[in-house]
2 protein chains.
Amino acid sequence: MRPMTQVAAPKASRRTPADKHDERRKALAESALRTLGDLGYARASLREIANNSEFSHGVVHYYFHDKLELIVYCVRYYKQTCVHRYDGVVAEATSPGDLVERFADKLVETIVEEAPMHRLWYDLRSQSMFEESLREAVTQIDQSLEDMIARVLARYAELAETQPALASPVAYGMFDGIFQQALLGHLNGRDGALEELRTRVVELMPMLLAPKA
Amino acid sequence: MRPMTQVAAPKASRRTPADKHDERRKALAESALRTLGDLGYARASLREIANNSEFSHGVVHYYFHDKLELIVYCVRYYKQTCVHRYDGVVAEATSPGDLVERFADKLVETIVEEAPMHRLWYDLRSQSMFEESLREAVTQIDQSLEDMIARVLARYAELAETQPALASPVAYGMFDGIFQQALLGHLNGRDGALEELRTRVVELMPMLLAPKA
DNA sequence: CGCGGATCTTGACAAGTGTCAAGATTTCTT
DNA sequence: AAGAAATCTTGACACTTGTCAAGATCCGCG
């Protein structure tokens with residue numbers, strides 16, 4: 001959620017004429033994401049998306065070819081900021097135990113703060129099982145999430161002076177599974193779903209390391 | 001996909017007059033499941049469902065109150081047979097290693113043979129994150145799947161003469177995660193997705209047991 | 001047979017959908 | 001400031017959707 005001013009003003013061009021287009025796409029995406037997070041992929045109509053924004057419903061086709069392109073753009077745009085969520089954890093952790101704590105806390109935090117975005121992601125990924133045209137984007141995002149987990153795990157092993165016991169796809173699959181489970185529980189209003197996620201991650205992480213000797 | 005004849009004919013009542021109703025509901029559900037597995041929850045219209053069956057589109061509202069009731073009935077109906085998929089594994093395994101092999105094989109087998117049903121389940125579960133009225137059914141099904149995993153794990157620990165190292169919700173979450181990952185890979189046509197699932201499960205299972213001594 | 005209830009079909013309705021084109025409006029350039 | 005290009009609004013289109021009601025058809029029982 002960094003400010004949307006471009007990287008800088010290289011010379012005297014305060015607003016590049018062609019970048020305005022990109023700016024608008026992002027603005028549209030940001031308000032579309034709110035509606036998509038509320039209603040999900042199928043139920044969010046272009047009119048509803050436009051109503052919850054400062055634009056009219058027709059403008060979507062000026063900036064996007066069709067509904068699918070808008071939605072893929074939105075999720076890509078969101079996930080782009082998402083994959084660096086644990087960079088701070090990796091950078092600042094001082095010991096294996098510290099890293100585990102920080103990682104678990106961050107996982108809980110993002111469920112509390114961005115549950116609608118996460119359910120939208122799972123919605124889109126499920127849709128991609130039916131809709132061929134979603135698969136490329138979903139595959140790429142999934143890969144970048146796996147890489148994110150891999151970085152955490154690598155740093156964890158480094159701090160513990162050992163090696164990861166599992167390849168990163170497995171680790172990602174596992175975390176994704178219990179994360180999804182916690183998200184579902186949280187949305188169901190099940191008390192303790194978040195605290196359970198925390199303890200589960202804490203007790204799971206050590207198992208992902210190869211024995212020291 | 002077992003034959004749809006009822007459990008038997010207990011006495012002289014070959015066809016109970018009121019059971020005909022249930023029979024029809026099941027028949028409708030079975031053909032609806034085909035369409036739902038093809039198109040998913042959102043894209044499968046009642047007309048499309050009816051077209052791929054021997055009925056007309058109006059008959060749905062004779063047997064079901066609305067679309068949601070039909071779909072929930074369908075998924076419940078399917079998953080009901082699903083939760084006993086590994087009962088044979090549990091019953092017939094002769095050693096820890098044998099159980100792991102059989103379990104992994106069965107997981108792969110069901111992806112090959114029932115991928116559309118599995119993606120339908122994930123679709124429905126994702127929808128339940130948005131649609132309150134789906135949550136009860138989804139929660140119940142999820143619980144029964146967790147119980148299924150718990151039975152496998154308990155037997156595994158028993159054969160290995162030790163205890164499970166993780167509570168069943170965690171174990172279920174993990175397996176669900178890597179299963180979903182494999183399903184996605186398989187539907188994407190990624191070669192090796194199934195073989196990877198097999199080896200991942202085989203290498204993961206021993207980590208779920210508490211050390212022997 | 002013929003009646004009555006269950007079962008099913010047909011057709012319609014109202015609401016909502018993505019898409020697009022024609023024109024209004026704003027913004028920029030010269 | 002005038003004209004041109006970019007941007008946005010409005011309204012319509014063709015189509016699909018879930019739902020339901022009226023009537024046709026089937027079935028078993030008197």
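Order of the sequence lines sets the chain letters (A, B, ...), proteins ahead of strands, with each chain counted from 1.
- The base of C:dT17 has none of its N or O atoms less than 3.5 Å from a complementary donor or acceptor on the side chain of A:R43.
- Atom CD in A:E69 sits about 10 Å away from atom P in C:dT19, given to the nearest Å.
- The closest side-chain donor-acceptor pair between A:Y172 and A:D142 falls under 3.5 angstrom.
- Separating the NZ atom of A:K20 from the P atom of D:dT7 is a distance of 7 Å, rounded to the nearest angstrom.
- At whole-Å resolution of the value, CG in B:L70 and P in D:dT19 are 10 Å apart.
- Side-chain contact, A:S31 with A:N52: no donor N or O sits under 3.5 Å from an acceptor N or O.
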Atom pairs under 3.5 Å: protein N/O with N/O of nucleotides 8-10 of chain C:
{"unit_1": "C:dC8", "atom_1": "OP1", "unit_2": "B:R24", "atom_2": "NE", "d": "2.6"}
{"unit_1": "C:dC8", "atom_1": "OP1", "unit_2": "B:R24", "atom_2": "NH2", "d": "2.9"}
{"unit_1": "C:dC8", "atom_1": "OP2", "unit_2": "B:Y63", "atom_2": "OH", "d": "2.1"}
{"unit_1": "C:dT9", "atom_1": "OP2", "unit_2": "B:S56", "atom_2": "N", "d": "2.8"}
{"unit_1": "C:dT9", "atom_1": "OP2", "unit_2": "B:S56", "atom_2": "OG", "d": "2.6"}
{"unit_1": "C:dT9", "atom_1": "O5'", "unit_2": "B:S56", "atom_2": "OG", "d": "3.3"}

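- Straight-line distance from the NZ atom of A:K67 to the P atom of D:dT16: 16 Å, rounded to whole Å.
- Relative to the six-membered ring of B:Y86, B:R151 misses at least one condition, a distance below 6.0 Å or an angle of at most 45° to the axis.
- Applying the salt bridge (charged side-chain N to carboxylate O under 4.0 Å, His left out) criterion to B:E48, with sequence neighbours excluded, gives no partner residue.
- Remark: the B:R47 side chain and the D:dG18 base include a donor-acceptor N/O pair separated by less than 3.5 Å.
- For the pair A:H21 NE2 and C:dT27 P, the interatomic distance rounds to 16 Å; values are reported in whole Å.
- Taking the centre and axis of the six-membered ring of A:Y63, the NZ or CZ atom of A:R24 falls outside the cone set by 45° and 6.0 Å.
- As a whole-Å value, the separation of B:D22 CG from C:dT7 P is 11 Å.
- Between the CD1 atom of B:I49 and the C1' atom of D:dG18 there is a distance of 11 Å, rounded to whole Å.
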What pairs of donor and acceptor atoms, side-chain ones from residues 197-205 of chain B against any protein atom, are under 3.5 angstrom apart with sequence neighbours left out?
{"unit_1": "B:R198", "atom_1": "NH1", "unit_2": "B:E101", "atom_2": "OE1", "d": "3.4"}
{"unit_1": "B:R198", "atom_1": "NH1", "unit_2": "B:D105", "atom_2": "OD1", "d": "2.4"}
{"unit_1": "B:R198", "atom_1": "NH2", "unit_2": "B:E101", "atom_2": "OE1", "d": "3.1"}
{"unit_1": "B:T199", "atom_1": "OG1", "unit_2": "B:E196", "atom_2": "O", "d": "3.0"}
{"unit_1": "B:R200", "atom_1": "NH1", "unit_2": "B:Q181", "atom_2": "OE1", "d": "3.1"}
{"unit_1": "B:R200", "atom_1": "NH2", "unit_2": "B:E196", "atom_2": "OE1", "d": "3.0"}

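- A:H61 places its NE2 atom 16 Å from the P atom of C:dA22, with the value rounded to the nearest Å.
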